[in-house]
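A short write-up of the structure that comes next.
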Amino acid sequence: MNLKTFTYPEEKKLKSRKLIKQVFEDGKTIKAFPLLIRYTEHEGELHKVGVSVSKRNFKTAVDRNRIKRQLREAYRLHQQELTDSGSKFAVMLIYIGRKKMPTVKIQETLSTLLKELK
RNA sequence: AGCGCAGGUCGCCCUAUCGCUGUCCCGGGAAAUCGGGAGAGAGGAAAGUCCGGACACCAUAGCACAACAUAGCGGGUAACGCCCGUCGUCCCGUCCCGAUCCCGAUAGCUAUCGGGACUAUCGGGACGGGGAAGGACCAGUGCAACAGAAAGCAAGUACAGUUCGGCUGUAGUGAAAUCGGUAAACUCUAUGUGGUGAAAUGUUAUGUAAACCAAGGCUUGAGGGUUGUGCGCCCGAUCUUGGAGGGUAAACAGAUUGAGGUUUUUGGUAACAAAAAUCCUAGAUAAAUGAUAGGGUCCCGAUUUCGAUCGGGAACAGAAUCCGGCUUACAGACCUGCUUUUUUU
RNA sequence: UGGCCUAUGGUGUAACUGGCAACACAUCUGGUUUUGGUCCAGAAGAGUCUAGGUUCGAGCCCUAGUAGGCCAA
């Protein structure tokens, strides 16, 4: 088993303002509480993934950072479930819950969502 | 030893596996970069953005007005609205004394003396523990509900005194009643503040990009130069309107070595300053500093054979140019000083 | 990162230079009507976002906070 598939370096992050705008304007949506995923195809070499947590639901920066880190970690461990399909995606993971969740649960829901994604 | 008050210090730890962001070293490669290793990686408030600076640009920064801030006195500081010391005032706290209270005695029907109680109220004093504000209503303007004769160019009740004068005192209303009160009312005095804000600013790369086309405007001055107004100063066609229209949300510097930390000595009541030695301690940018497992520590609840077992939880909170403060949030632990209570000597 | 504004009954707004917090809608009760609405009469509901301070007295003035909103890019 190749350990390299568990990395999440700079190149796999969704950072281009243009691409993000595209994802939100004409991307598709799937959701399973407490996550919502917007995604679209793009012409890069790699999948691009970003995370987002609303300030309205979590007031302190500590809570928001914690959830963003949980989301990144979950994607890092389950990203190979996305690599099977041919085309590359730009994906935004959005946390829509109002309460904090244990990491295991977030990983499970993300895993099922990633398998649905086409 | 316990309780309380004040001040200060710290603010979860260890191991393993898998990741993230810089730095350094080794090897491969022409280079982009790839592989391996070492070491570093949030706070006391990083927060609120309430003050003061550094730094950059705008006339190397000007004048007047306006506006804003501060306010005993002395000191500290780069500076401050911050800190230290000190003065008088007020409030709270602690202690003491006297009166009101109770008991007894003596004279006598109200006083004196002695003792008790320490709860409440009132008056006075001491301690210096804690807190608060601290220029000027003899410059001018304004304000004062209800009550009261009257709330400030005046008017004037009752009683008493009287040098017989609308002179003095007392009463009555009220927070305040005749050299009054009020400036966290305007204002005056003294002192200080130029504006903007790292998304400042500079360099590089790509691009035709302060670009291109049309009309207007021309040194007799349009327009601009980051201030609320006026003046002054500087630039001098860089302007205005319309049309068409490419691209980027880039990299580096600013930017992490600084009014820096620690220890010692000296000066000073102290804040703090000086000298010597020693240390290097985040630098991200859709924004790193984490996740999981196990163990420990502490707290809460239940059970209990009082040894422990089980379950739950880990305060407030996340750097964004950098410093000095202030304010606000905060589980728990430790240290120092003082008051008081109990035990022992 | 920097700057600015607002908060008053359930809702929307008033309150002059500091002096008994007012109005409309909504709510409740009664009347009118066969009933409902309309209409008429009456009642209840706040102590002004929170905590301090100045003052005889604070919605208003000062200080600190909380919540919400807006602007610059």
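Numbered from 1 within each chain, the chains take letters A, B, ... in sequence-line order.
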pair_partner(C:G18), Watson-Crick or wobble, both distances < 3.5 Å, evaluates to none
Between A:Glu73 and A:Arg76 (salt bridge meaning N to carboxylate O under 4.0 Å), is one present in this structure?
yes
Which residue lies more 5' along RNA chain B, comparing A:Glu73 with A:Thr60 via nearest heavy atoms
A:Glu73
Within the modelled atom types, does a donor on one side and an acceptor on the other bring the side chain of A:Arg76 and the base of B:C20 under 3.5 Å apart?
no
Sticking with atom C1', work out how far B:C298 lies from B:C26, rounded to a whole angstrom.
46 Å
Relative to its sugar, using the 90° cut-off around 0, the base of B:U193 is anti
Look at the side chain of A:Asn65 and decide which nucleotide, out of B:A286, B:G318, B:G290, has an atom nearest to it.
B:G318
Could you check if the base of C:U38 is syn or anti? Syn means the glycosidic torsion is within 90 degrees of 0.
anti
Which whole number of Å gives the distance between the P atom of B:U21 and that of B:U289?
9 Å
Syn or anti for B:A42? Use the chi torsion, O4'-C1'-N9-C4 for purines and O4'-C1'-N1-C2 for pyrimidines, with syn inside 90° of 0.
syn
Please state how far atom CZ in A:Arg72 lies from atom C1' in B:A288, giving the value in whole angstrom units.
8 Å
Whole-Å distance between B:G290 P and A:Lys68 NZ?
14 Å
Contact check, side chains of A:Tyr39 and A:Lys28, non-hydrogen atoms, under 4.5 Å:
yes
Could you check which nucleotide pairs with B:C338 in any of the strands shown, counting Watson-Crick or G-U wobble with both distances under 3.5 Å?
B:G4
Expressed as a whole number of Å, how far does the C1' atom of B:U229 sit from that of B:G194?
15 Å
Whom does B:C63 pair with, Watson-Crick or G-U wobble, provided both distances fall under 3.5 Å?
B:G230
If pairing requires Watson-Crick or G-U wobble contacts with both distances under 3.5 Å, which nucleotide is the partner of B:C68?
B:G192
Is A:Arg38 close to A:Ile94 at the side-chain level, that is, under 4.5 Å between some pair of heavy atoms?
yes
Between B:G325 and C:G59, how far is it from one C1' atom to the other, in whole Å?
35 Å
Anti/syn call for B:G115, syn if |chi| within 90°
anti
Whom does B:G35 pair with, Watson-Crick or G-U wobble, provided both distances fall under 3.5 Å?
B:C26
Tell which nucleotide pairs with B:U203, taking only Watson-Crick or G-U wobble pairs whose two distances are both under 3.5 angstrom.
B:A251
Side-chain N or O of A:Arg66 versus OP1/OP2 of B:A291: is the shortest distance under 4.0 Å?
yes
Separation between the C1' atoms of B:U327 and B:U281, rounded to whole Å:
28 Å
Have a look at A:Gln70 and tell me which of A:Asn65, A:Val53, A:Ile106 forms a side chain to side chain contact (heavy atoms under 4.5 Å, CB included) with it.
A:Ile106
Do A:Ile37 and A:Leu110 touch side chain to side chain, with heavy atoms closer than 4.5 Å?
yes
Gap in Å between the two P atoms, one belonging to B:A222 and one to B:C239, rounded
16 Å
Separation of B:G318 C1' from A:Arg64 CZ (nearest whole Å):
10 Å
If you group Ile, Leu, Val, Met, Phe, Trp and Tyr by side-chain heavy-atom gaps below 4.5 Å, do A:Val62 and A:Tyr95 land in one group?
no
Roughly, in whole Å, what's the span from CG in A:Leu71 to P in B:G290?
16 Å
B:G22 glycosidic conformation (syn if within 90° of 0, otherwise anti) is syn
Between atom CG in A:Asp63 and atom P in B:G290, what is the gap in whole Å?
15 Å
Please report the distance, rounded to the nearest Å, between CZ in A:Arg69 and P in B:A42.
11 Å
Taking only the P atom of each, what is the distance from C:A64 to B:U49 in whole angstrom?
13 Å
Between A:Gly50 and A:Ala61, name the one whose nearest nucleotide on RNA chain B is closer to the 5' end.
A:Gly50
Which one of A:Val49, A:Leu36, A:Leu35 satisfies the side chain to side chain contact (heavy atoms under 4.5 Å, CB included) criterion with A:Leu93?
A:Val49
Taking all heavy atoms of A:His78 and all of A:Leu114, pick out the closest pair and write down the distance.
O-CD1, 3.5 Å
What is the separation between atom NZ on A:Lys105 and atom P on B:A291, rounded to the nearest whole Å?
19 Å
Nearest whole angstrom, please: distance from the P of B:U292 to the NE2 of A:His78.
12 Å
Please state the C1' separation for the pair B:C101 and B:A117 - nearest whole angstrom.
9 Å
Base partner of B:C330, which must satisfy Watson-Crick or wobble distances under 3.5 Å:
none
Find the partner of B:A54: check Watson-Crick (N1-N3 plus N6-O4 or O6-N4) and G-U wobble (N1-O2, O6-N3) distances, both under 3.5 Å, and reply none if neither fits.
B:U321
